[in-house]
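Working notes, structure below.
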Protein chains: 2
Amino acid sequence: MAFRVLFLPENISLKTDGSLDLLTLARQAGYLIDSQCDGQGTCGRCRVHLVSGALADERDNRIEFQTIPLKDILSCLAYPCSDVEVLVPPESRVGEVITSSTDYSPLLQQSPALLFTFQKIDIKLPRPTLQDSCSDADRITRELKKRYHGEIHFSGDFFSTLPNQLRQSDWHITLHALDCDNRLNIISSTDDDRSAYGWAVDIGTTTLAVALVDMEDGAVVDLASSANPQISRGADVISRMIACEKKGALPSLTKAVRDRIAGLQQALLAGNDIAADDVIAAAVSGNTTMLHLYHGVNPVYLRKEPYIPAFTSFPAIPARDRDMVCASGALLFTCPSVASYVGGDITAGAVAAGIDLADDVVLFIDLGTNGEIVIGNKEWALCASTSAGPCFEGGGITCGMRAERGAIYAADWDEANKKLIPHTLRDEKARGLCGSGLFESIAVLFQNGAIDRSGRLNKDFPGVKENAEKEWYYVLDTGDN
Amino acid sequence: MAFRVLFLPENISLKTDGSLDLLTLARQAGYLIDSQCDGQGTCGRCRVHLVSGALADERDNRIEFQTIPLKDILSCLAYPCSDVEVLVPPESRVGEVITSSTDYSPLLQQSPALLFTFQKIDIKLPRPTLQDSCSDADRITRELKKRYHGEIHFSGDFFSTLPNQLRQSDWHITLHALDCDNRLNIISSTDDDRSAYGWAVDIGTTTLAVALVDMEDGAVVDLASSANPQISRGADVISRMIACEKKGALPSLTKAVRDRIAGLQQALLAGNDIAADDVIAAAVSGNTTMLHLYHGVNPVYLRKEPYIPAFTSFPAIPARDRDMVCASGALLFTCPSVASYVGGDITAGAVAAGIDLADDVVLFIDLGTNGEIVIGNKEWALCASTSAGPCFEGGGITCGMRAERGAIYAADWDEANKKLIPHTLRDEKARGLCGSGLFESIAVLFQNGAIDRSGRLNKDFPGVKENAEKEWYYVLDTGDN
């Protein structure tokens, strides 16, 4: 027997025979309902409202009917037993995640730890004659050998535009090349001084960020981000590893993240009117689990003693092999991990923080769903990592949320009125607190005496109140404005 | 107004508005009618018989109607002006080309001129512990470094099966690797001693040949060949270069040859029950024009002074970038050319003939649509090339044909009856002479006195007759048996 399920307010309609829960149904339709426990019924993030119809609850086979006020249902436990309409509230949806960035390019350009360097090479070649009749490729190589002493490697499709270009430009062109491991990889050529671009991709457990970078100066041209679509298969790395024990799960997790990255890349290129053929390089970072999933490698052994990753360094490969939107010869570099729980995101962060160049000791902290700390300088470095929990993504926090529209992300202090002034993302009405909002709020309250050194609220401070459960609280924002 | 065109005997039916000639229509339907002049109306190879309907002749706007006996029409000049049925006779069709081969693998295995060598590496690794917790990749590299001193490079998808395989085999696996330019490319691994295979592909101007090779001993497991589908765009390299001056022609020529090769590969794998994932390498040879077309590079400058190819050496690239049917990490090597008219087929042939190892002077002759001669030994080599014309493919020879079924390909002498005994391919009724048949027939007739030293037929020899045009002839076969 077939039932129709309608997800509101988007009016996404699908059919089911009642054998699948609402969360799974939504996923199959490509509709992202949040879940941090991967459908175990424990995290409470996949709550929906039943508008009409009947649902069976997996836990006790209880049938839920539509009631007034609308009944809250965990979609991962609810099986349709009639035609059903459910309303997915904003807090259960995976929305646009808002990120900010600082330009580290001046610092990065000095680092010897870089995976590769970009070379823009202007060459003027002698015209061929019957006496000097070597191939176009050899003519270029002959010129490059005068300046470069490593191996020279042409990308597979470099030659497809070369013959016309050389002759139209009267043998004066510019090469775009990537220098790594003593090998100069010639990716493309141009006769009109166009720019070359690259992708910098960070695969967070929660958030994907893609930067379109000008290869010449390393400047970020534009930035896009999105929830990691794997979120629906577990909020942290351990849940994702467990998800991979199921047959067929790994390819779908791999495809999900690659597709989402390609989507962001397409949007960035369109928004900046840049052609995919002008993107000649890509670098990807992420924790060890994310990099395994991205490269299609099962991460299950990362959580089993003795916790061995399949790889820490990954070879440079054609970026199109990972479905990236780029030139056909573009190379993809993977930031090397250190171990199962110290990933390429940390090595990239440590380099961006300048640890590898510092005389003084530098401390680098990455507080995401996993937390890592690196301390060191140009001579040594130590690192520790731990599960930081999902609190900075809003998990386990009463008013917690991801860094989406309406999240309190920063705070100031109004000394005249002795109260905290919250700032929300996109200046929308406050809907909750994201990670940086948690930090800043606590810091501002502490600096101004509302929280004491032990971390407790100061009962005597203006605005600190007690609720019915004898818990003290401070209202940052009522959400009404 | 739409007309229906029916090609017999295959009953291939298609619609046209009368604006395209029959040859172009047939090509668009993927139906191969022969043409050596690329539709210029000069070679006479695309002759068809008009069975019913009316055709306009491009040259004089004459309308041809069906007549008895069936009228011969050049399909490249004929435009339908009603519903039309045409019969395509066997000699106008591009049929299966029959090739033979000799196993050069014992000779080749000694040559230092090889593009790469295959390495099958058995490794037994220590199990990881909390104290020895490097990644799977590093564990393999550590072991390989004991035996190999060059750079070690893993293919992009090598790791996707590795973690399970290592643990299921108790850390004892076999690597399949390709060693080239002091770099060991690890393509795949196995825990069940399966074989690794490679493709050897020869792109002839007329004929494609694909060999499935056992990587360990170089033996040819199976061989398939086909007409080069580019034939319909010109029989020789010059016509193909001219064809590439038309916009959009190059991509279609490139795609045609890659698709045909992939088709042969699929058939070979299916016929030998071998999985594509077990094919880890490919090598392609061909003349310089064929290699340009194969790699999607415009060959137009090869025929313009000073005759410069875009490349002679081509980098090793992922074989799947050329749509080959193989493992994802498989590498494709291209036999290097020497110049615009001395291609990778000649360097491959010279190595197969052992010139690079010979103390004595060796002569190597390649008589195809283009003809090349190499003379040399391990210290020096000279080469000359020329257009040999299409005679060895049957062009310009009254009874000439390609090496298809029914072609006379060899000859013996019957001393008792003083007559030549022809041998046909597949022992079918004689339909004509292919290249080797021309050679052998003339040689046998010369050795036995029917042809004299000047190359003329001996009028007094039994069987030599004179026709109405006062030309002397000798009947090799009446085609009746």
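So that the names make sense, note that chain A is the first sequence line, chain B the second, and so on, each numbered from 1.
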ask   = Counting only heavy atoms not in B:R142, do more than 12 fall under 6.0 Å of its CZ?
value = yes
query = What is the minimum heavy-atom distance between A:S133 and B:P306, and which atoms define it?
reply = CB-O, 4.3 Å
inquiry  = Using a 4.5 angstrom heavy-atom cutoff, name the option from B:C134, B:A137, B:P163 with the most pairs to chain A.
reply    = B:P163
request  = Against chain A, label B:F159 side chain, backbone, both or neither, depending on which of its atoms sit under 4.5 Å from a heavy atom there.
outcome  = both
ask   = Of the backbone (N, CA, C, O) and the side chain (C-beta and beyond), which part of A:R167 lies under 4.5 Å from a heavy atom of chain B, both, or neither?
value = side chain
note = Here the pair of heavy atoms bringing A:E305 nearest to B:L130 is OE2-CD1, 3.4 Å
query = Of the backbone (N, CA, C, O) and the side chain (C-beta and beyond), which part of A:D181 lies under 4.5 Å from a heavy atom of chain B, both, or neither?
reply = neither
remark   = Scored by heavy-atom pairs under 4.5 Å with chain A, the best of B:A310, B:S160, B:G156 is B:A310
remark   = Checking heavy-atom separations under 4.5 Å from chain A, one finds in residues 312-322 of chain B B:T312, B:F314, B:P315, B:A316, B:I317, B:P318, B:R322
task = Tell me yes or no: between the side chains of A:D136 and B:Y301, is some donor less than 3.5 Å from an acceptor?
result = no
query = Highest number of heavy-atom pairs under 4.5 Å with chain A: which of B:D157, B:D132, B:L162, B:L332?
reply = B:D157
request  = Can you establish whether the number of heavy atoms outside B:K247 located under 6.0 Å from its atom NZ is more than 12?
outcome  = no
request  = Would you indicate whether B:K255, at its atom NZ, is surrounded by more than 12 heavy atoms from other residues, nucleotides or ligands within a distance under 6.0 Å?
outcome  = no
remark   = Honestly, the part of A:T129 sitting under 4.5 Å from a heavy atom of chain B is backbone
